[in-house]
Amino acid sequence: MPSAEDTSVHQEQSVVRPTRQDEVAAAGSELIGGQSGRWSRLGSTALTPVGAVALVALGMFALGMVQKLPCYNWAWFKGAGSQYTHACYSDIPHLYSGRGFSEGLLPYFDRLPGDMQYLEYPVLTGVFMQIASWLTPGGSIQHQEQAYWLVNAGMLMICTAIIAVCVARTHRRRPWDGLLVALAPAFALTATINWDLLAVALTAAAMLMWSRSRTLAFGILIGLATAAKLYPVLLLGPAFVLCWRAGKWREFWVATLGAAGSWLVVNLPVMVFAPAGWKKFYTFSEERSIDFGSFWLIITQRTGASIEVSTVNTVSTLATVALCAAIGGLTLTAPRRPRFAQLAFLVVAVFILVNKVYSPQYVLWLIPLPRSPGPAGGTS
């Protein structure tokens with residue numbers, strides 16, 4: 001039986017050293033003394049590759065918080081334009097008052113004043129927002145909004161750590177690939193615009209479970225992620241075609257039932273006791289007009305012709321289905337089986353591109369996906 005020391009040496013040897021395979025990493029290593037030498041030992045310090053990736057991700061998140069300082073100090077509260085010219089806008093402080101949290105209203109159950117009527121976010125995100133409001137101290141409304149943003153930032157920082165750890169651990173031999181997520185500038189700049197990191201963290205954890213061939217856990221996490229944001233349900237498509245190609249139908253149905261079950265556990269109480277509030281996210285998504293950033297807005301600006309919202313809904317849905325079907329066809333006919341992360345990236349990118357709404361934080365959905373390769377075997 002091999003000793004613990006032998007096992008440690010084997011694990012060290014199995015980890016791919018970036019400076020040995022990547023020219024950019026090799027060149028960058030010159031700043032800290034050059035490539036790892038033949039006698040160096042990986043894992044000889046308390047800071048592991050996964051821990052290093054997590055620390056870098058938290059550092060970038062903290063830099064993103066610093067970048068929001070102009071808004072935190074004054075731009076959120078003194079004129080609408082400054083928060084955009086300083087590129088530090090966030091929905092979080094504005095919705096603290098705008099969605100009734102400052103008044104103690106309960107999401108989905110209590111009706112909001114004005115046209116919105118109810119909170120327009122999926123249930124798990126609403127729970128996240130409500131927990132943050134319970135942790136927000138009193139004071140003037142500006143102080144409460146600042147504190148609410150800070151509390152949410154702290155909770156989203158936990159999500160950031162989860163994303164970093166999951167991405168770094170998804171491929172056992174390439175944990176340093178997680179630095180490509182941790183160091184992404186868009187990750188720092190958009191992390192606290194909205195609550196998307198909750199769904200991203202659950203999705204990253206789901207992909208880690210997929211890479212370990214734990215399909216039930218994968219499905220449960222996808223269901224929870226979908227209860228926080230709609231896009232994670234699209235990842236069942238890549239799971240479907242990969243299981244089809246491998247003939248592993250049992251794994252797909254286990255994952256699907258796990259996703260449906262966890263989604264229902266979160267949503268069913270609100271569906272039953274506050275149906276009007278629960279439906280708001282779906283009716284709002286259907287009725288929402290073309291928004292900034294979408295190519296639909298570019299079309300209307302270029303042509304000068306307006307497009308009915310119902311037409312955009314139909315065309316974007318059909319385009320998403322057609323493009324995802326094309327991705328599925330390529331997957332089934334490709335000589336070499338694609339990785340799950342590659343397909344996940346493509347289907348989520350399709351959804352973003354044809355959507356009638358694009359918000360800057362949507363890039364967070366994409367950043368972890370291509371950096372999460374699965375193992376060579378299994379359903380991945």
Side-chain angles (χ1 to χ4, degrees), residues 54-55 57-84 86-114 116-164 187-202 224 227-229 266 269-270 273-274 277 280-281 359-361 364:
L55 283 177
L58 292 176
M60 290 294 288
F61 186 95
L63 286 177
M65 293 182 67
V66 172
Q67 187 267 335
K68 295 290 189 292
L69 277 178
C71 278
Y72 179 86
N73 290 329
W74 62 276
W76 285 333
F77 315 106
K78 298 178 181 178
S82 297
Q83 59 189 336
Y84 301 113
H86 285 78
C88 55
Y89 173 82
S90 173
D91 289 323
I92 293 172
H94 298 301
L95 295 189
Y96 177 70
S97 300
R99 297 301 179 267
F101 294 104
S102 61
E103 301 173 16
L105 300 182
L106 192 64
Y108 313 110
F109 290 85
D110 292 333
R111 190 181 180 93
L112 300 173
M116 186 54 66
Q117 297 180 339
Y118 295 99
L119 183 69
E120 74 278 22
Y121 284 82
V123 171
L124 196 58
T125 296
V127 171
F128 191 95
M129 299 163 74
Q130 180 62 61
I131 291 172
S133 74
W134 285 334
L135 298 174
T136 300
S140 66
I141 188 61
Q142 178 175 330
H143 175 75
Q144 289 183 56
E145 290 178 353
Q146 289 172 317
Y148 186 65
W149 180 81
L150 283 175
V151 170
N152 275 281
M155 294 167 67
L156 293 172
M157 185 177 282
I158 296 172
C159 295
T160 298
I162 292 171
I163 294 166
F187 189 82
L189 294 172
T190 64
T192 58
I193 289 179
N194 202 278
W195 292 269
D196 294 63
L197 281 184
L198 172 61
V200 176
L202 291 166
L224 293 175
K229 207 76 177 178
V266 173
V270 183
F273 296 107
K280 182 61 181 179
F281 166 68
S359 297
Q361 73 273 9
L364 295 172

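- Contact detail for Val200 and Ile163: the closest heavy-atom pair is CG1-CD1, 3.5 Å.
- Side-chain atoms of Ile92 and Lys68, non-hydrogen and from C-beta on, never get closer than 4.5 Å to each other.
- In this structure, the side chain of Ser97 does not engage the main chain of Pro93 through any donor-acceptor pair within 3.5 Å.
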>> Would Leu364 and Lys229 count as a side chain to side chain contact (heavy atoms under 4.5 Å, CB included) here? Give the steps.
In response: CA-CA 12 Å; Leu364 295 172; Lys229 207 76 177 178; over 6 Å; no

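- Atom CG of residue Leu119 and atom CE of residue Met129 lie 4.5 Å apart, to the nearest 0.5 angstrom.
- Proximity of Tyr148 to Ser133: side-chain heavy atoms (C-beta onward) are separated by under 4.5 Å at one or more points.
- Classification of the Tyr96-Phe101 ring pair by plane angle, with boundaries at 30° and 60°, yields parallel.
- Ring geometry, His86 versus Trp74: the interplanar angle exceeds 60°, so the pair is classed perpendicular (tilted spans 30 to 60°).
- Smallest separation of non-hydrogen atoms from Pro137 and Gln144: O-CG, 3.6 Å.
- Distance check: Phe128 CZ to Leu156 CG gives 4.0 Å after rounding to the nearest 0.5 Å.
- Asp110 and Tyr108 are not linked by any side-chain donor-acceptor pair at a separation below 3.5 angstrom, with hydrogens and angles left out of the test.
- Contact check for Glu145 versus Ile141: side-chain heavy atoms found under the 4.5 Å cut-off.
- Minimum heavy-atom separation, Leu105 to Pro113: CD1-CD, 4.3 Å.
- Nearest approach of Cys88 to Trp76, heavy atoms of both residues: O-NE1, 3.3 Å.
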>> Val123 vs Phe281, test: side chain to side chain contact (heavy atoms under 4.5 Å, CB included). Steps then yes/no.
In response: CA-CA 9 Å; Val123 171; Phe281 166 68; over 6 Å; no

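- With rounding to the nearest 0.5 Å, the separation of CG in Asp196 from OG1 in Thr190 is 8.0 Å.
- Between Met116 and Lys280, the closest heavy-atom pair is O-CE, 2.9 Å.
- Here the straight-line distance linking atom CZ of Arg99 with atom CG of Asp91 works out to 8.5 Å at 0.5 Å rounding.
- Note: Leu135 CG to Leu150 CG = 12.5 Å, rounded to the nearest 0.5 Å.
- For Phe273, the CZ atom is loosely surrounded, since the number of other residues' heavy atoms within 6.0 Å does not exceed 12.
- Shortest non-hydrogen contact noted between Thr160 and Leu197 is OG1-CD1, 3.5 Å.
- Using bins of under 30°, 30° to 60° and over 60° for the plane-to-plane angle, the ring pair Trp195/Tyr121 lands in the perpendicular bin.
- Ser359 places none of its side-chain heavy atoms less than 4.5 Å from the side chain of Ile193.
- The structure places CE of Met60 at 11.5 Å from CG of Leu58, a figure rounded to the nearest 0.5 Å.
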>> Show, in sequence, the C-alpha distance, side-chain angles and deciding distance for Val127 and Val266, and conclude whether the side chain to side chain contact (heavy atoms under 4.5 Å, CB included) test is met.
In response: CA-CA 10 Å; Val127 171; Val266 173; 5.7 Å; no

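- Looking only at side-chain heavy atoms (C-beta outward), Tyr72 and Thr192 stay at 4.5 Å or farther from each other.
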